[in-house]
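Quick note on labels: first sequence line is chain A, next is B, and so on, each numbered from 1.
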2 protein chains.
Amino acid sequence: MPQTSKIIKAPPAAVEESLRKLGANIRTARLRRKLRLEDLAKKVGVSRYVLSDIEKGKPSTAIASYMGALWALGLLEDMKDVASPDNDSEGKILEKARAPKTAGKRKKDLDNDF
Amino acid sequence: MPQTSKIIKAPPAAVEESLRKLGANIRTARLRRKLRLEDLAKKVGVSRYVLSDIEKGKPSTAIASYMGALWALGLLEDMKDVASPDNDSEGKILEKARAPKTAGKRKKDLDNDF
DNA sequence: CTTATATGTTGGTTAAAGCCAACATATTAG
DNA sequence: CTAATATGTTGGCTTTAACCAACATATAAG
């Protein structure tokens, strides 16, 4: 993704770690199934180089390639509850009742925090 | 990602569905927090266009951008168990005992199945 | 140990992801 | 209803992701 964004060039440590772990997990799953990079790559529909990148947790790789790997390994359902509104306790608290379709007008600047 | 791969051009229905859902969840979480696309995009470190793509579940968008959105929303930990070897019952069964570093030599062709 | 094969690495090519500006439309809040 | 603002859409530009070939290295299995 050209004109590379900050998040890709220098991801927060937590994101980097999360990707590294995801990649490692995919690799473990592949080896357990005795599949070569090339085998799984073919199932996924990418080159073996891309799959290798995934197993390293490369940030700039398309999410579909990652999801495709999970899918080909039969692990896609693990994504089911990610960011699920039902489990978003923080969000549930903040929610006002009605579900707005936009974030509404700005009052001042809300928070420049982090 | 240039020379676009099959998985990105035409993802399996399950992958497409998974991405759509993830994007929708991210959008819900953003709105609950009363953040504009621009607000969250800034925190993530991408343009508002990319964040918009994410909320639509665009397959070709970099995984770091998706993970960055989860991170900025405080939802990154939801990724923790994805493809975790501990939960990979299929893999556990297949595993022989030792953890090989490669998939080993090919015997014949294993399985061209799906 | 040897051999077959899996994986890593490099360099070059090409097509598209992410950026932005400008404008259109939708939605909110008064 | 109206004004303010959030989000959608378009087209053009730049950078680089994914591809491949060729070779190097690591690992597995006899």
Side-chain angles (χ1 to χ4, degrees), chain A residues 1-11 19 23-24 26-28 30-42 44-66 68-69 96-110, chain B residues 1-11 19 23-24 26-28 30-42 44-66 68-69 96-110:
Chain A
M1 18 28 109
Q3 208 156 296
T4 311
S5 50
K6 185 182 173 186
I7 191 85
I8 292 168
K9 274 187 181 166
L19 286 176
I26 288 172
R27 186 184 185 101
T28 299
R30 173 177 66 81
L31 291 176
R32 274 178 168 174
R33 290 160 177 74
K34 292 212 180 302
L35 297 170
R36 294 174 300 159
L37 280 174
E38 206 176 314
D39 297 327
L40 185 56
K42 189 172 183 179
V44 176
V46 296
S47 68
R48 73 180 174 96
Y49 307 102
V50 171
L51 187 58
S52 173
D53 285 339
I54 287 172
E55 294 187 347
K56 288 174 196 157
K58 191 180 176 195
S60 58
T61 295
I63 193 167
S65 300
Y66 276 84
K96 291 305 181 192
R98 174 197 37 121
K101 294 193 173 180
T102 81
K105 301 185 187 177
R106 234 62 310 248
K107 320 174 166 268
K108 247 298 160 66
D109 138 283
L110 201 46
Chain B
M1 27 23 130
Q3 209 155 295
T4 310
S5 50
K6 185 182 173 186
I7 190 85
I8 291 168
K9 274 186 180 165
L19 286 176
I26 287 172
R27 185 184 187 99
T28 299
R30 174 178 65 83
L31 291 176
R32 275 178 167 174
R33 289 161 177 74
K34 292 209 180 304
L35 297 171
R36 294 175 301 160
L37 281 174
E38 206 177 312
D39 297 326
L40 185 56
K42 188 173 185 180
V44 176
V46 296
S47 69
R48 75 181 174 94
Y49 308 101
V50 171
L51 187 58
S52 173
D53 285 339
I54 287 172
E55 294 187 348
K56 288 174 196 156
K58 190 179 178 194
S60 58
T61 294
I63 192 167
S65 300
Y66 275 85
K96 289 307 180 192
R98 176 195 37 121
K101 295 193 174 182
T102 81
K105 301 184 187 179
R106 236 58 313 248
K107 317 172 166 271
K108 252 268 159 91
D109 139 284
L110 200 45

Dump every N/O contact between nucleotides 1-3 of chain C and the protein below 3.5 Å, one line per pair.
residue: C:dT3; atom: O2; partner: B:Lys105; partner atom: NZ; Å: 3.3

Rounded to whole Å, how long is the line connecting atom [atom1] of [X] with atom [atom2] of [N]?
{"X": "A:Leu51", "N": "C:dA6", "atom1": "CG", "atom2": "C1'", "result": "13 Å"}
{"X": "B:Ile8", "N": "C:dA15", "atom1": "CD1", "atom2": "C1'", "result": "12 Å"}
{"X": "A:Lys9", "N": "D:dT15", "atom1": "NZ", "atom2": "C1'", "result": "10 Å"}
{"X": "B:Gln3", "N": "D:dA17", "atom1": "CD", "atom2": "P", "result": "14 Å"}
{"X": "A:Asp53", "N": "C:dT7", "atom1": "CG", "atom2": "C1'", "result": "13 Å"}
{"X": "B:Lys101", "N": "C:dT7", "atom1": "NZ", "atom2": "P", "result": "13 Å"}
{"X": "A:Lys6", "N": "D:dT16", "atom1": "NZ", "atom2": "P", "result": "17 Å"}
{"X": "B:Ile63", "N": "D:dA17", "atom1": "CD1", "atom2": "P", "result": "14 Å"}

If you find the nucleotide of DNA chain D closest to B:Thr102 and the one closest to A:Val46, which residue's nucleotide is nearer the 5' end? A:Val46

5'-most by nearest nucleotide on DNA chain D - B:Leu31 or A:Ser47: B:Leu31

Identify the heavy atoms of [X] and [Y] that sit nearest to each other, and give their distance.
{"X": "A:Ala69", "Y": "A:Val44", "answer": "CA-CG2, 3.7 Å"}
{"X": "B:Gly45", "Y": "A:Ser5", "answer": "O-CB, 3.4 Å"}
{"X": "B:Ala62", "Y": "A:Ser60", "answer": "CB-O, 3.7 Å"}
{"X": "B:Ile8", "Y": "A:Ser65", "answer": "CD1-OG, 4.1 Å"}
{"X": "B:Val50", "Y": "B:Thr61", "answer": "CG1-CG2, 4.2 Å"}
{"X": "A:Ile54", "Y": "A:Ile26", "answer": "CG2-CD1, 3.8 Å"}

Could you list, one pair per line, each protein nitrogen or oxygen that sits under 3.5 Å from a nitrogen or oxygen of nucleotides 8-11 of chain C, together with the distance?
residue: C:dG8; atom: OP2; partner: A:Ser52; partner atom: OG; Å: 3.4
residue: C:dG8; atom: N7; partner: A:Arg48; partner atom: NH1; Å: 3.4
residue: C:dG8; atom: O6; partner: A:Arg48; partner atom: NH2; Å: 2.9

OP1 or OP2 of D:dA18 sitting under 4.0 Å from any side-chain N/O of A:Thr61? yes

Do B:Pro59 and B:Ile7 have side-chain heavy atoms sitting under 4.5 Å apart? no

Are B:Arg30 and B:Leu37 side-chain neighbours, meaning at least one heavy-atom pair lies under 4.5 Å? yes

Bend angle of the helix from C:dC1-D:dG30 to C:dG30-D:dC1, end axes from five pairs each (to 10°): 90°

Is a side-chain donor or acceptor of A:Ser52 paired with a backbone partner of A:Arg48 at a separation under 3.5 angstrom? no

Listed partners of B:Arg36 passing side-chain contact (heavy atoms from CB on, under 4.5 Å), at least two apart: A:Ala103, A:Arg106, B:Glu38, B:Asp39

Holding to side-chain contact (heavy atoms from CB on, under 4.5 Å), I want the full list of residues that pass it with A:Lys6, two or more places apart in sequence or in another chain. none

Restricting to side chain to side chain donor-acceptor pair (under 3.5 Å), what partner residues turn up for B:Arg27, sequence neighbours left out? B:Glu55

Nearest nucleotide by nearest heavy atom, which residue falls closer to the 5' end of DNA chain C, B:Ala103 or B:Gly45? B:Ala103

Contacts of B:Lys58 and A:Arg36 projected onto DNA chain C by closest heavy atom; the upstream (5') one is A:Arg36

